[in-house]
Amino acid sequence: MTVLRIGNASGFYGDRFDALREMLTGGDLDVLTGDYLAELTMLILARDRLKDPAAGYARTFPRQLEDTLGLAHERGVRIVTNAGGLNPAGLAGAVRDLAGRLGIPVRVAHVEGDDLTAAHPGSLAAHAYLGGFGIAAALRAGADIVVTGRVTDAALVSGPAAAHFGWGPADHDRLAGAVVAGHVLECGTQATGGNYAFFRDGDVRRPGFPLAEIHPDGSSVITKHPGTGGFVDIGTVTAQLLYETGGARYAGPDVTARLDTVRLGREAPDRVRIEGVRGEAPPPALKVGVNRLGGFRNEVAFVLTGLDIEAKAALVREQMGDVLAKAPPAEVRWELVRTDRPDAATEETASALLRLVVRDPDQAVVGRPLTAAAVELALAGYPGFHVLAPPGKGSPYGVFEDAYVPQGDVAHVAVLHDGRRVAVAPPEDTRPLRPLGEPPLPAPLPPGPVRRAPLGLVAGARSGDKGGNANVGVWARTEDAWRWLAHELTAERFRELLPEARPLPVTRHTLPNLRALNFVVEGILGAGAAAQARFDPQAKALGEWLRSRHLDIPEALL
């Protein structure tokens, strides 16, 4: 069977609008995917649906398609997207209406069954992560466009691959290979130099979107269209493989992919081969992402300039204290951010920020009393008093939690272009997810002189969020650097370097084939990204903070 070329044109809701056209005109493709969903996006779409029951999908997708549907039809490129969000049937209908207006004969199918909100009272949205076989059923029946709701991001690739090559649920190794390729593609330009630790290795001003050439055995080559920006190398692929993962077993609805079996090889410039991926039967339960309204949040950022920063901060806290004591919010957090410098050349660099963040189930508690108290200090506070922006009335925030249901309890259905409904059976073979034992470490480097230097001189990192947890993947670019990193960067040393992690459970996973370590920090993000529990609520820069920390590095590596 021929190689299947699958591209991606979106890594999140709000990604580059022109990417659909860029991918359709930049080179040959068989399938074009678009990933629009994230935990936070589901909450945003749920709030849209509260205002308009017909909403709940990514509204940018039909606008992108209006300019490109004819092009995709002419070139025979099928489109698979999770832009359906909370309302895949609604988006499928909108696409059919668009095709009718444009006079383009396309067959539109959608996948449903993920919506379990009714089974989770009090939630705004509760959706199971479905696999790729509903997508495969729609494509096998002739669909040109397949719209889904909450499927796993990698299913956008594994579903078309299963349809094209005729794979079934028992083809674990092949499915796992496609899942790994899908995981590399799912965040778009993060695979082509975007958000990359060593971004100066190439021109990343406008990275092109990635594509995967999938082979019948599940192996793949990650590349991009000729002439597009950015670059693809073993490092960019490694970074994306580590993104938002945990241990060596990467579980999904259709298969558990073994990340410890992945082998990467440079085939040519901008071409990285992925092979050797082994797969296992998937877990018996499906993950369900549950989004709830957590309460209301408000924030005031006081600007402290010049001398006596600590004393000015203490004065604000004391002046605000009486108001906060009268009707205490459920959560009060003060944070002094020392962005100031002595003898600064500009007022901005002479200033620090004192952030007050409050949360409470009652909007009134974090609203008018707080804003009035902050504003009333304008002429009665510290010298140079001002705030970054006037405080508002308090805004709602969400919380995210995982739940699990047996695979057989979810009615996974492909609704074909002709209205027929095809039920997708749960996998017959499942395997409870258990962590793997740690593999043997490489031989340590021989003793030698060391120098105090940033970790990032010898290691890359990428970090992200999964609910309230964060992961930080760290990898070495040479074998000698790996021999040092594997022994030096223990979970204990990780906690030392990132003090926020010291009181939290930190688990280290070792992936020798990738010369990588993956750290999972439990609870550092509180109730998830929507709760905005910390300065970087999605832990996007946690890895870069780690790379900036200094430790004793062998001079031979520097």
Taking all non-hydrogen atoms of both residues into account, name the closest pair between [X] and [Y] and its distance.
| X | Y | result |
| --- | --- | --- |
| G85 | D114 | O-OD2, 4.2 Å |
| G252 | P282 | O-CB, 3.3 Å |
| A181 | A212 | CB-CB, 4.3 Å |
| A162 | L175 | CB-CD2, 4.3 Å |
| H110 | P88 | CB-O, 4.0 Å |
| A138 | A414 | N-CB, 4.3 Å |

Taking only Lys NZ, Arg NE, NH1 and NH2, and the carboxylate oxygens of Asp or Glu, determine whether [X] and [Y] approach each other closer than 4.0 Å.
| X | Y | result |
| --- | --- | --- |
| E275 | R174 | no |
| K466 | E522 | no |
| R271 | E213 | yes |
| D203 | R205 | yes |
| R49 | D115 | yes |

Tell me if a side-chain donor or acceptor on [X] pairs with a main-chain N or O of [Y] at a distance below 3.5 Å.
| X | Y | value |
| --- | --- | --- |
| S219 | H215 | no |
| N87 | A55 | yes |
| Q407 | P427 | no |
| Q363 | G394 | yes |
| T192 | P210 | no |
| R258 | E280 | no |
| T117 | A126 | yes |
| W167 | P216 | yes |
| D15 | G11 | yes |
| T256 | A251 | no |

Heavy-atom side-chain proximity of [X] to [Y] below 4.5 angstrom:
| X | Y | value |
| --- | --- | --- |
| R16 | R206 | yes |
| L29 | I6 | no |
| V232 | V237 | yes |
| D48 | L45 | yes |
| P329 | R359 | no |
| K393 | R368 | no |
| R78 | D30 | no |
| R21 | Q64 | no |

* Of the options V80, I79, L32, L91, which is the one that meets I145 in a side-chain contact (heavy atoms from CB on, under 4.5 Å)? ->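 Looking at V80, I79, L32, L91, the match for I145 under the side-chain contact (heavy atoms from CB on, under 4.5 Å) is I79.
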Please enumerate all residues that pass side chain to side chain contact (heavy atoms under 4.5 Å, CB included) together with [X], with sequence neighbours excluded.
| X | value |
| --- | --- |
| D362 | D360, A364, V365 |
| E544 | A197, R547 |
| A38 | T41 |

Separation between [atom1] of [X] and [atom2] of [Y], rounded to the nearest 0.5 Å:
| X | Y | atom1 | atom2 | result |
| --- | --- | --- | --- | --- |
| L69 | R101 | CG | CZ | 10.5 Å |
| M23 | F209 | CE | CZ | 8.0 Å |
| T25 | R75 | OG1 | CZ | 6.5 Å |
| L242 | N518 | CG | CG | 5.5 Å |
| Y36 | T60 | OH | OG1 | 5.0 Å |
| L293 | S123 | CG | OG | 11.5 Å |

* For V157 and V184, what are the C-alpha separation, side-chain angles and deciding distance, and is it a side chain to side chain contact (heavy atoms under 4.5 Å, CB included)? -> CA-CA 10 Å; V157 170; V184 174; over 6 Å; no
* To do: Take atom CZ of R278 as the centre, draw a 6.0 Å sphere, and report whether it contains more than 12 heavy atoms from other residues, nucleotides or ligands.
  =>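 No, because the 6.0 Å sphere around CZ of R278 holds 12 heavy atoms or fewer from other groups.
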* Asked: CZ of R47: more than 12 outside heavy atoms within 6.0 angstrom?
  ->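 Counting neighbours around CZ of R47, 12 or fewer heavy atoms of other residues, nucleotides or ligands fall under 6.0 Å, so no.
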* Pi-cation contact, Y57 with R59 (under 6.0 Å, within 45°) ->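 Yes, a cation-pi geometry.
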* Step by step, work out the side chain to side chain contact (heavy atoms under 4.5 Å, CB included) result for I524 and N469. => CA-CA 6 Å; I524 194 169; N469 301 338; over 6 Å; no
* To do: Tell me, with the steps shown, if N298 and T371 meet side chain to side chain donor-acceptor pair (under 3.5 Å).
  => CA-CA 9 Å; N298 208 346; T371 59; 5.8 Å; no
* **Non-neighbouring partners of H127 that pass ring-ring contact (aromatic ring centres under 6.0 Å, His included), sequence neighbours left out** =>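 So H127 forms no ring-ring contact (aromatic ring centres under 6.0 Å, His included) with any residue.
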* Asked: F231: what forms a ring-ring contact (aromatic ring centres under 6.0 Å, His included) with it, not counting sequence neighbours?
  ->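 With neighbours one apart ignored, the set is Y196.
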* Report the C-alpha separation of D67 and L65 in whole Å, then their side-chain angles, then the decisive distance to 0.1 Å, and conclude whether the side chain to side chain contact (heavy atoms under 4.5 Å, CB included) test is met. => CA-CA 5 Å; D67 185 46; L65 206 59; over 6 Å; no
* Asked: Can a donor-acceptor pair be found between the side chains of N471 and S463 at a distance below 3.5 Å?
  ->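 Checked: N471/S463 side chains show no N/O donor-acceptor pair below 3.5 Å.
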* side-chain hydrogen bond (donor to acceptor under 3.5 Å, both in side chains): which pairs involve residues 145-160, sequence neighbours left out? ->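 Sorted result for residues 145-160: R150-D153.
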* To do: Fit a plane to each ring of H183 and Y250, take the angle between them on a 0 to 90° scale, and name the class: parallel (under 30°), tilted (30 to 60°) or perpendicular (over 60°).
  =>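 Geometry flag for Y250 against H183: tilted rings.
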* Asked: Going through the checks in order, is the side chain to side chain contact (heavy atoms under 4.5 Å, CB included) test met by V108 and H417?
  -> CA-CA 5 Å; V108 183; H417 58 278; 5.6 Å; no
* Applying side chain to side chain donor-acceptor pair (under 3.5 Å), run through N82 and D35 and close with a yes or a no. => CA-CA 6 Å; N82 60 15; D35 180 8; 2.8 Å; yes
